[in-house]
Protein chains: 2
Amino acid sequence: MVKNRKSCEVPDATVHRLPLYLEKLKLLQAIGVEDVSSRQLAESLDIKASQLRHDFHYFGGFSRPGRPYQVEKLVPALEQIIGIAEPVPTAIIGAGHLGQALANYHNLDVQGFPVRGIFDTNPKLIGLEMRGQPVRDMDELETVIREEKIKIAILTVPSANAQAVADRLVEAGIIGIFNFAPTDLKVPEGVAVRNERLAVGIMSLSFKVKCILQSQEEDIAEV
Amino acid sequence: MVKNRKSCEVPDATVHRLPLYLEKLKLLQAIGVEDVSSRQLAESLDIKASQLRHDFHYFGGFSRPGRPYQVEKLVPALEQIIGIAEPVPTAIIGAGHLGQALANYHNLDVQGFPVRGIFDTNPKLIGLEMRGQPVRDMDELETVIREEKIKIAILTVPSANAQAVADRLVEAGIIGIFNFAPTDLKVPEGVAVRNERLAVGIMSLSFKVKCILQSQEEDIAEV
DNA sequence: GTAGAGTTGTCAAAACCATAACAGAATGCG
DNA sequence: CGCATTCTGTTATGGTTTTGACAACTCTAC
């Protein structure tokens, strides 16, 4: 199966678009659309059709020349590629506001990431129910991860604890960490980390806002 | 001031790194570091020094050849560039779990985005206090935005309402929208949108996890 | 004062990604 | 059937971003 190894040698940019394709396709599926051409799909996502076909090309053909894509086939194919053909048991570490928000984010389940464990150190939170899951003491972390075969953890603990918790997660067998703490985690080879920095997002937005305001001022000055 | 207009013609990739530079520099500042070389700073962020210098080069020199960067000068310079030299009044639309999480996210204030208005339609939420701010009825949206001169809005409402709310925001004078709804917002020229899709994040993580698992299986098979 | 180590700003090369172009295939219609 | 249209898969082109390389400059040590 050389193809498997090769199918992982894909640009990050392409990987980030796969979820968008899947999302849109599920929407089409829900309203009963059967066929969709690369152009239709691309336009609805505001990208070029050639880029979409190029992306798909990394994974081999999803259709044949002359025939549009079949939604019914494409959805499971993408799910397979993304790795959510089977539900991926997920844990949330840190039941603060952000952790709660994510635990209650219904879409997580729907999109293939059922939450099988919520953990915190705060005695006031331990025992509370969130979406049918009790908040557990961190003592149980390793046990639950192993029993539930959890592979992905969402980390919403304070920065100061993030690295220590990450170490425990890796030790317990976690392979993917979705990190919301503004800290660069050091993890061994064979563990994937994705940092989600709210601050980066809002600041790059601020940069654009500043540019807009400046150009408006200049436009006025020029009149 | 041609430089202003030019300073906005910067690759997105560079813009996204600016907040990281600033964050790290503030950390250094806090522990009393005065000088820092491009190599030191770059290594701590796990990027190449040449990239950092290249990024800075877009905005003109922050130092002179031979001399390292001075933290005390670099921090305000970056704040200026990002547009947070002055605090940027911000609103949160949607006081659900995610909205609450962000409202309580202390760093928002610290990093230059004081929350000056929290809005929701749910009568049960209206009136509640979050970080010293009452949750207001959406009726007050336009008034508060204008009075507080709010320019940036964080959108955490359900997908179905996102576009309608965005329209109101733009009408009221909002220039930047930080959108957490999985919807592509249509906004007029002169309004910046940044989409933050949690689903995309966790799915691209899942892709990498799947690749790791596959390569592990293959390694075992090869032995 | 001079050599050497270390630094930035700048430009050139390499790697990467997005777009365009096109061959080959299917479909629909007269 | 034959033609026009539409479509994918694939390759080539063009552009952007990252990385490497180096001149010019500063400081320290001796």
Side-chain angles (χ1 to χ4, degrees), chain A residues 3 6-21 24-25 28 33-75 77-78 81 200 204 207-208, chain B residues 3 6-21 24-25 28 33-75 77-78 81 200 204 207-208:
Chain A
K3 193 190 162 196
K6 208 166 65 180
S7 78
C8 290
E9 287 163 12
V10 172
D12 266 9
T14 294
V15 173
H16 291 339
R17 280 188 293 268
L18 296 179
L20 302 180
Y21 298 149
K24 194 63 81 173
L25 283 164
L28 293 176
V33 176
E34 290 181 0
D35 295 339
V36 64
S37 72
S38 60
R39 187 148 51 87
Q40 289 171 309
L41 191 51
E43 269 176 15
S44 75
L45 285 164
D46 219 27
I47 62 171
K48 294 281 188 294
S50 54
Q51 178 167 74
L52 186 149
R53 291 201 301 274
H54 202 271
D55 283 344
F56 283 5
H57 184 230
Y58 284 104
F59 308 102
F62 290 131
S63 177
R64 290 174 313 188
R67 305 224 44 183
Y69 299 109
Q70 292 172 262
V71 177
E72 298 290 330
K73 284 190 179 180
L74 212 39
V75 168
L78 281 173
I81 290 167
V200 171
S204 47
F207 177 85
K208 287 181 195 158
Chain B
K3 193 193 162 194
K6 208 167 63 180
S7 78
C8 289
E9 288 163 11
V10 172
D12 266 10
T14 294
V15 173
H16 292 340
R17 280 189 293 268
L18 296 179
L20 301 180
Y21 298 149
K24 192 65 79 173
L25 283 164
L28 292 175
V33 175
E34 290 182 359
D35 296 340
V36 65
S37 73
S38 61
R39 186 149 53 87
Q40 290 171 308
L41 191 51
E43 268 175 16
S44 75
L45 286 163
D46 218 27
I47 61 170
K48 294 281 189 293
S50 55
Q51 178 166 73
L52 187 149
R53 292 202 301 275
H54 201 272
D55 283 342
F56 284 5
H57 185 227
Y58 283 104
F59 308 101
F62 290 131
S63 178
R64 291 175 313 190
R67 305 220 45 180
Y69 299 110
Q70 292 171 264
V71 178
E72 298 290 332
K73 284 190 179 178
L74 212 39
V75 168
L78 281 173
I81 290 168
V200 171
S204 47
F207 177 85
K208 287 181 195 158

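Protein chains get the first letters and strands the later ones, always in sequence-line order, with residue 1 at the start of each.
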Peer 1: Name every residue in residues 35-45 of chain B that has at least one heavy atom under 4.0 Å from any atom of DNA chain D, in order of residue number, or write none if there are no such residues.
Peer 2: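 Listed by number, there are none.
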
Peer 1: Please report, rounded to the nearest Å, how far the C1' atom of D:dC7 is from the CD atom of A:Q70.
Peer 2: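 Result: 13 Å.
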
Peer 1: Could you say whether A:R67 or A:L52 is positioned toward the 5' end of DNA chain C, judged by the nucleotide with the nearest heavy atom to each?
Peer 2: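 Nearest-nucleotide comparison on DNA chain C picks A:L52.
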
Peer 1: Counting C-beta onward and ignoring hydrogens, is there a side-chain heavy-atom pair between B:Y69 and B:L41 closer than 4.5 Å?
Peer 2: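 No. Closest side-chain heavy atoms not under 4.5 Å.
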
Peer 1: Once you measure the plane-to-plane angle for A:F59 and A:F62, does it fall in the parallel (<30°), tilted (30-60°) or perpendicular (>60°) bin?
Peer 2: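 The rings of A:F59 and A:F62 lie parallel, inter-plane angle below 30°.
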
Peer 1: Give a yes/no on whether any side-chain N or O of A:Y69 is located under 4.0 angstrom from OP1 or OP2 of D:dT6.
Peer 2: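 Answer is no, no contact under 4.0 Å.
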
Peer 1: So which protein nitrogen or oxygen atoms get under 3.5 Å of nucleotides 13-20 of chain D's nitrogens or oxygens?
Peer 2:
from   : atom 1 : to    : atom 2 : distance (Å)
D:dT18 : OP1    : B:R17 : NH1    : 3.1
D:dT18 : OP2    : B:R17 : NH2    : 2.9
D:dT18 : O5'    : B:Q51 : NE2    : 2.8
D:dG20 : N7     : B:S50 : OG     : 3.4

Peer 1: Looking at B:P68 and B:D35, what are the two nearest heavy atoms and their distance?
Peer 2: CG-CB, 4.0 Å

Peer 1: May I ask you to check whether over 12 heavy atoms, not counting those of A:R39, lie within 6.0 Å of atom CZ?
Peer 2: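 12 or below, so no.
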
Peer 1: Are the side chains of B:L74 and B:F56 in contact, using a 4.5 Å heavy-atom criterion?
Peer 2: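 In short, these two side chains touch, coming nearer than 4.5 Å.
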
Peer 1: Would you mind telling me which residue lines up with the more 5' stretch of DNA chain D, A:G66 or A:H57, judged by nearest nucleotide?
Peer 2: A:G66

Peer 1: Kindly give the heavy-atom pair with the smallest separation between A:R53 and A:S38, and that separation in Å.
Peer 2: NH1-OG, 3.0 Å

Peer 1: Check the distance between D:dG9's C1' and A:F62's CZ and give it to me in whole angstrom.
Peer 2: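 My rounded result for the distance is 12 Å.
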
Peer 1: Would you indicate whether the side-chain heavy atoms of A:Y21 and A:I47 approach each other to under 4.5 Å?
Peer 2: yes

Peer 1: Could you tell me whether A:F56 contacts a base, only the sugar-phosphate backbone, or nothing, with contacts defined as non-hydrogen atoms closer than 4.0 Å?
Peer 2: nothing

Peer 1: Step by step, work out the side chain to side chain contact (heavy atoms under 4.5 Å, CB included) result for B:D12 and A:K208.
Peer 2: CA-CA 10 Å; B:D12 266 10; A:K208 287 181 195 158; 4.3 Å; yes

